[in-house]
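So that the names make sense, note that chain A is the first sequence line, chain B the second, and so on, each numbered from 1.
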There are 2 protein chains.
Amino acid sequence: MVTVMNDHTFDFCETLTDAQDALAREMLERASAKWPLRAMHILAEAKGPLRFSRVLERVEGISQKVLTQTLRTLESDGLVTRTLYPQVPPRVEYELTPLGGELLVEVVTLWQWIANRLPDFEAARKRAPQATDTSKG
Amino acid sequence: MVTVMNDHTFDFCETLTDAQDALAREMLERASAKWPLRAMHILAEAKGPLRFSRVLERVEGISQKVLTQTLRTLESDGLVTRTLYPQVPPRVEYELTPLGGELLVEVVTLWQWIANRLPDFEAARKRAPQATDTSKG
DNA sequence: ATCTATACATACCTCATGGTAACTGTCATG
DNA sequence: CATGACAGTTACCATGAGGTATGTATAGAT
């Protein structure tokens, strides 16, 4: 459990095992990563189940291989459901779970906070652009 | 700007340029990543400036090369300050900025939410352990 | 003269991520 | 018989993160 004080100081009480701590960190990273976040967002917008192809169309720039991996990981974390209809041609539907929806709300809240501070970040990068690599662009 | 409703539906209004959206995503990923988060946490705990070596000692498992990179990136994003004292041997102190402290509060809030839902995530992984790779452990 | 300490920079290596391209299996269509 | 659609899987490759080991500069200690 973590206690957050007003003055930006922190007090981590060790009520989590190492494994639990690692799991929480991993979930945090996964939920903030590009493709999982985009996929969850698409599924949230849909407000219902979506076929694989529909998700693939809407998550701009993702490859089908990575989308498969992403959705399977989200499924194994309990954030989306995967429903296979044994038809020909095959039909698979993905849907955000309540847990996934709640997590997305939390992540979007953080995203919003960051978006509100964008001028600060932009200003910081203009002052010290060393580590903000643009060589690949 | 993003509007979050109670029922896990989302409405992204396009008041951000593509560049701003990319920057916000990047900051979200960076702030949730392992090493930056650990480094910020250490600096927050210290409640004051810390020399490079002290941070290196406390961020368990990080190499000095990666810590240098991490701290420089945090500096260029305005989340920490880097103060060089022209002494021999050299002395460099790092300190969390107010912006960094505020961001850390937000990330820890998300972390707390995840920690509170750990039983859900553990249960999900037990049900569908495919994508939760343990081969490297 | 050599060693130590600090805060890096640099070279080199490994491994995971993620991209493209091609293959799979089944049925309807032409 | 060949093709296309769907939801993948598989092989292969490029990139980048991150590890180790070593170099750098300077001054004090031995």
- request: Assign a letter to each nucleotide of nucleotides 19-30 of chain C from its 5' end: B, base within under 4.0 Å of a protein heavy atom; S, sugar-phosphate only; -, no contact.
  value: BB-B--BBS---
Spatial distance of atom [atom1] ([X]) from atom [atom2] ([Y]) [nearest 0.5 Å]:
| X | Y | atom1 | atom2 | result |
| --- | --- | --- | --- | --- |
| B:Y85 | B:R51 | OH | CZ | 10.0 Å |
| A:L110 | B:L103 | CG | CG | 6.5 Å |
| B:R30 | B:L74 | CZ | CG | 8.5 Å |
| A:R127 | B:S76 | CZ | OG | 10.5 Å |

- prompt: Do any of residues 48-55 of chain A sit with a heavy atom less than 4.0 Å from DNA chain D, and if so which?
  reply: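 By residue number: A:R51, A:F52, A:S53, A:R54.
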What is the distance from [atom1] of [X] to [atom2] of [N], rounded to the nearest Å?
| X | N | atom1 | atom2 | result |
| --- | --- | --- | --- | --- |
| B:Q69 | C:dA7 | CD | C1' | 14 Å |
| A:E57 | D:dC6 | CD | P | 8 Å |
| B:R91 | D:dA25 | CZ | C1' | 19 Å |
| A:L56 | D:dC6 | CG | P | 11 Å |
| A:L67 | D:dT9 | CG | P | 11 Å |
| B:L84 | D:dT26 | CG | C1' | 14 Å |
| B:R72 | C:dA7 | CZ | P | 12 Å |

- prompt: How would you label the contact of B:Y94 with the nucleic acid (heavy atoms, under 4.0 Å): base, sugar-phosphate, or nothing?
  reply: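 B:Y94: backbone/sugar contact only, no base atoms under 4.0 Å.
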- prompt: Hey, is CD on A:E60 packed in by over 12 heavy atoms from elsewhere, all under 6.0 Å?
  reply: no
message: Which residues pass the side-chain hydrogen bond (donor to acceptor under 3.5 Å, both in side chains) test with A:R54, not counting sequence neighbours?
response: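 side-chain hydrogen bond (donor to acceptor under 3.5 Å, both in side chains) list for A:R54, sorted by chain: A:E57.
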query: OP1, OP2 of C:dA7 versus side-chain N and O of B:R82: anything below 4.0 Å?
result: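 Checking B:R82 against C:dA7: no side-chain N or O falls below 4.0 Å of OP1 or OP2.
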- prompt: Between the side chain of B:Q20 and the main-chain N/O of B:T17, is any donor-acceptor distance below 3.5 Å?
  reply: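 Yes; at least one donor-acceptor contact below 3.5 Å.
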